[in-house]
Participant: 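What follows is a single structure, and I will ask about it in a moment.
Values reported hereafter were calculated over all heavy atoms of this structure, with side chains retained and with hydrogens, waters and symmetry mates removed. To find a chain, count down the sequence lines: A is the first, B the second, and so on, and within it residues start at 1. Here the structure is a predicted model, which is why all the values come from computation and not from measurement.
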Amino acid sequence: MTRLTHLLLPTEREPPADAEALSHKLMVRAGLVRQVGAGLWTWLPAGWRVHRRIEQIIREEIDAIGGQEMLMPVLQPADAWRRTGRYEVDELFKLSDRKHADMVLAMTHEECVTTHVAQLVRSYRDLPLILYHFQVKERDEPRPRAGIMRTREFVMKDSYSFDRDRDGLDVSYERHVIAYGKIFERSGLEWYSVEADVGMMGGFGAHEYMAPCGAGENDVALAPGYAANVEVASAQAQPVDVAEPLVSPERVHTPGATTIDQVSRLLGVPAGGLLKAFPVVTDGRGLVLVLVRGDHHVNEIKLALALGEAFRHADDEDLRSIGPAGFVGPVGADVSVLLDDGVADGGYVVGANEPDHHLRGVQPGRDFAFQRADVRTVQAGDTVGGHPITIEPAIEVGNIFKLGTRYSEALGATYLDESGTEQLVWMASYGLGPARIAAAAVEQFADEHGIAWPKALAPWDVEVVALGKAGSDELAASERLYDELRDAGYDVLLDDRDAGPGAKFADAELLGCPLRLTVGKRSLAAGAAEAQIRRGRQDVDGGVSLDGAADAVRQLWPSVR
RNA sequence: CGGGAUGUAGCUCAGCUUGGUAGAGCACCGCGUUUGGGACGCGGGGGUCGUCGGUUCGAAUCCGGCCAUCCCGACCA
């Protein structure tokens, strides 16, 4: 169905009133998707073509590293989820069937695939194994947002590797790194992979694949040769002028000054000359005073990693042994102190542990003992390898994760090695979201006229715009052009509607097929179709000759971006 | 889960302050004229005004509950 007169392509002049993200507005306006409910979307025919093209790229590359495609159900018994501990996850949809058996809607498929492997894999000869599928994921998101970017139901390609040991896992992981690189290169997206937080799930290695775009939910720190999620990024702090330490700390009156800003202004000291106290409590250590430079922020993910255990913010009760909130400091306090790596030598202003007072000229080491750790959030302008970093929003389009044996232990996935000894299977999981790839492509390449798809993702390669109404020479010539290009292997959309040229051009630019061929009186007289490359709206000199059009397009195609 | 906003035709919105039985533009249907950047004329179809309740002779409009959607934050195995 590639004639516009027969295609359900409901384009809109206006974006939906509640749309904020560019991809949300454009994908709805271009007739690719329609909303059903919060975080629930229908892919209309043109949008689904894009989705399927992305799937196909992924399929080819995962097949190329030995992945075996299969299909697992979304609706699953709760049992395996109880065994892995994920039944408690809030985002998991839970329901019961007519026999009152507990069921879940899968948010990923580790439980299911591992259960199969536990039953089907017996010997080291059965490993390694890469299994994957494209299947719907269900997540009871607290807040779906940005159109297709964060939804409650979406298709994911998830693959799972099963290996004999950790070395084998590394090989499977590396294969996916290569496959993912090819997938994103082929997609035409701007992308990078970043070090990622391994999260509450444990594991021992993870990468996220990020596509920079305005509607992105993540912040990514970038420098030449460096890319990391701000959640885990490390960088050299920009230096700040700090006073020399005083001979001994001097107590200063700072009435009501409980914030960095207030103290800084009151004492005429730059924020970076203060030490911000961030008191936390852990099971293992009790109260810990985390200190970062006044112009820095504590990164709670890095802090948890540095502590090696979970923590909570200290409350007034916890602070009773030291100072009141707002005037907490390390000097004379009987607590362990974690000093951020970004704090250089110097004389700092710190809380005095008494109301309305601070200490100045405090020298870490001399005036209080500490342990060092990297626990701050990096900032634009910090450096990595001497290069300043920038921080960009990006959307996570894929992730790969070394799981280890967490699931195989919980679900009994073992095999017998050469010596007949039972061993746990080593696992990793690898996700990719075609919908997010599509949305990121829209965001990255749209202009004021609409979408400009990368060639590999476009719903059609070529849109032929026929000017002139039914029975006209132009339409007849368009039909011939359309047939010839289709025979030559191109996906072609023919705008054969009885509409004015303005409406047709506007819709074509909104939909964003890479190449537009226009057949009107003018060009017909010259024996050619006008050609415009969507990206940049570049006209092609001389257009495409109608005599031998397929060859002409074939020649032109490499220069289409 | 906290904070904010919005719900009127397929879409974008007006009407609500000051209660009197619903409108515009676009889209859609018919006829005609148009056809190189979102055409024009004439005629037409389409809305329990999110929902439930209250006040009132009378509610899209005032009041209350609920629901839905969006945005910010928290959250995002």
Participant: Using the C1' atom on both, measure B:U61 against B:A14 and round to a whole Å.
Facilitator: 14 Å
Participant: What residues from residues 506-515 of chain A pass a heavy-atom cutoff of under 4.0 Å to RNA chain B?
Facilitator: A:A506, A:D507, A:E509
Participant: Rounded to the nearest angstrom, tell me the gap between atom CD in A:E217 and atom P in B:C71.
Facilitator: 10 Å
Participant: For atom NZ of A:K521, decide whether the heavy atoms of other residues, nucleotides or ligands shown that lie under 6.0 angstrom number more than 12.
Facilitator: no
Participant: Under the salt bridge (Lys or Arg N to Asp or Glu O under 4.0 Å) rule, collect the residues that match up with A:E509, sequence neighbours excluded.
Facilitator: A:R516, A:R537
Participant: Would you mind reading off the distance between A:N218 atom CG and B:C76 atom P, rounded to a whole angstrom?
Facilitator: 13 Å
Participant: Can you tell me how far P of B:A77 sits from CZ of A:F93, to the nearest Å?
Facilitator: 16 Å
Participant: A:T151: what forms a side-chain contact (heavy atoms from CB on, under 4.5 Å) with it, not counting sequence neighbours?
Facilitator: A:W41, A:F154
Participant: On RNA chain B, nearest-nucleotide positions of A:A499 versus A:A38: which is more 5'?
Facilitator: A:A499
Participant: Rounding to an integer number of Å, can you tell me how far A:E111 CD sits from B:A77 P?
Facilitator: 14 Å
Participant: Between A:E217 and A:R436, does any NZ, NE, NH1 or NH2 come within less than 4.0 Å of an OD or OE carboxylate oxygen?
Facilitator: yes
Participant: Check every strand shown and say whether A:R537 touches a base, only sugar-phosphate, or nothing at a heavy-atom separation below 4.0 Å.
Facilitator: base
Participant: Students often get this wrong, so: under 4.0 angstrom with heavy atoms, is A:P10 touching a base, only sugar-phosphate, or nothing?
Facilitator: nothing
Participant: If you assign each of A:G520 and A:A21 to its closest nucleotide in RNA chain B, which residue comes earlier from the 5' end?
Facilitator: A:G520
Participant: Could you please name the partner base of B:C62, counting Watson-Crick and G-U wobble pairs only when both distances are under 3.5 Å?
Facilitator: B:G54
Participant: If you check the A:R13 side chain, which of B:G37, B:G38, B:C75 turns out closest?
Facilitator: B:G38
Participant: Using a heavy-atom cut-off of under 4.0 Å over every strand shown, decide if A:R497 touches base, sugar-phosphate, or nothing.
Facilitator: nothing
Participant: Expressed in whole Å, how much space separates the P atoms belonging to B:G15 and B:G2?
Facilitator: 32 Å
Participant: Name the nucleic acid region contacted by A:K504, choosing base, sugar-phosphate or nothing; use a 4.0 angstrom heavy-atom cut-off, strictly under.
Facilitator: nothing
Participant: Taking the C1' atom in each of B:U69 and B:U51, what is the distance between them to the nearest angstrom?
Facilitator: 14 Å
Participant: Given B:C11, B:U69, B:C76, identify the nucleotide with an atom nearest to the side chain of A:E12.
Facilitator: B:C11
Participant: Please give, in whole Å, the distance from B:A39 C1' to A:D498 CG?
Facilitator: 12 Å
Participant: Sort out the partner of B:A5 for me: Watson-Crick or G-U wobble, both distances under 3.5 Å, none otherwise.
Facilitator: B:U69
Participant: With sequence neighbours left out, what residues match A:T5 under side-chain contact (heavy atoms from CB on, under 4.5 Å)?
Facilitator: A:R3, A:D496, A:R497
Participant: What distance, rounded to whole Å, do you find between the two C1' atoms, one in B:C76 and one in B:U21?
Facilitator: 49 Å
Participant: Output yes when at least one side-chain N/O atom of A:R143 is less than 4.0 Å from OP1 or OP2 of B:C72, else no.
Facilitator: yes
Participant: Can you tell me the base-pairing partner of B:U48? Count Watson-Crick or G-U wobble geometry only, both distances below 3.5 Å, and say none if there is no partner.
Facilitator: none
Participant: Could you work out the separation of B:C62 and B:U56 based on their C1' atoms and round it to a whole Å?
Facilitator: 10 Å
Participant: Does the distance from a Lys or Arg side-chain N to an Asp or Glu carboxylate O, for A:R82 and A:D102, drop under 4.0 Å?
Facilitator: yes
Participant: Considering Watson-Crick and G-U wobble pairs with both distances under 3.5 Å, what does B:U18 pair with?
Facilitator: none
Participant: Under the 3.5 Å rule, do the base of B:G73 and the side chain of A:R145 count as making a donor-acceptor pair?
Facilitator: no
Participant: Write down the distance separating the P atoms in B:A22 and B:A59, rounded off to the nearest Å.
Facilitator: 13 Å
Participant: Applying the side-chain contact (heavy atoms from CB on, under 4.5 Å) test to A:V464, which of A:D495, A:L494, A:T518, A:L4 qualifies?
Facilitator: A:L494
Participant: Using the salt bridge (charged side-chain N to carboxylate O under 4.0 Å, His left out) rule, collect all pairs that involve residues 17-31 of chain A, keeping only residues at least two apart or in two chains.
Facilitator: none
Participant: Between B:C76 atom C1' and A:N399 atom CG, what is the distance in whole Å?
Facilitator: 12 Å
Participant: Out of B:A77, B:C11, B:U34, which nucleotide sits closest to the side chain of A:R406?
Facilitator: B:A77
Participant: The criterion is salt bridge (Lys or Arg N to Asp or Glu O under 4.0 Å); which residues satisfy it with A:E138, sequence neighbours excluded?
Facilitator: none
Participant: The side chain of A:P501 lies closest to which of these nucleotides: B:C70, B:C11, B:U35?
Facilitator: B:U35
Participant: Across the strands shown, which category fits A:Q35 at heavy-atom distances under 4.0 angstrom: base, sugar-phosphate, nothing?
Facilitator: sugar-phosphate
Participant: Using purine N1 to pyrimidine N3 plus N6-O4 or O6-N4 for Watson-Crick, or N1-O2 and O6-N3 for G-U wobble, both under 3.5 Å, which nucleotide pairs with B:A77?
Facilitator: none
Participant: Which of the following nucleotides, B:U69, B:C13, B:A77, is nearest to the side chain of A:A17?
Facilitator: B:C13
Participant: For A:L92 and B:C76, give me the distance from atom CG to atom C1', rounded to whole Å.
Facilitator: 14 Å
Participant: Before accepting this row, confirm whether a basic side-chain N of the pair A:K137/A:E153 lies closer than 4.0 Å to the acidic partner's carboxylate O.
Facilitator: no
Participant: Which part of the nucleic acid, if any, lies within contact of A:S472, taking any heavy atom under 4.0 Å across all strands shown: a base, the sugar-phosphate backbone alone, or nothing?
Facilitator: nothing
Participant: Could you identify the nucleotide paired to B:G43, looking across every strand shown and requiring Watson-Crick or G-U wobble geometry with both distances under 3.5 Å?
Facilitator: B:C29
Participant: Taking the C1' atom of each, how far is B:G50 from B:G43, in whole Å?
Facilitator: 34 Å
Participant: Without decimals, in angstroms, what is the distance between A:I395 CD1 and B:C76 C1'?
Facilitator: 11 Å
Participant: Rounded to whole angstrom, note down the C1' distance from B:C28 over to B:C16.
Facilitator: 29 Å
Participant: Would you mind classifying the nucleic acid contact of A:A106 as base, sugar-phosphate or nothing, using non-hydrogen atoms under 4.0 angstrom?
Facilitator: nothing
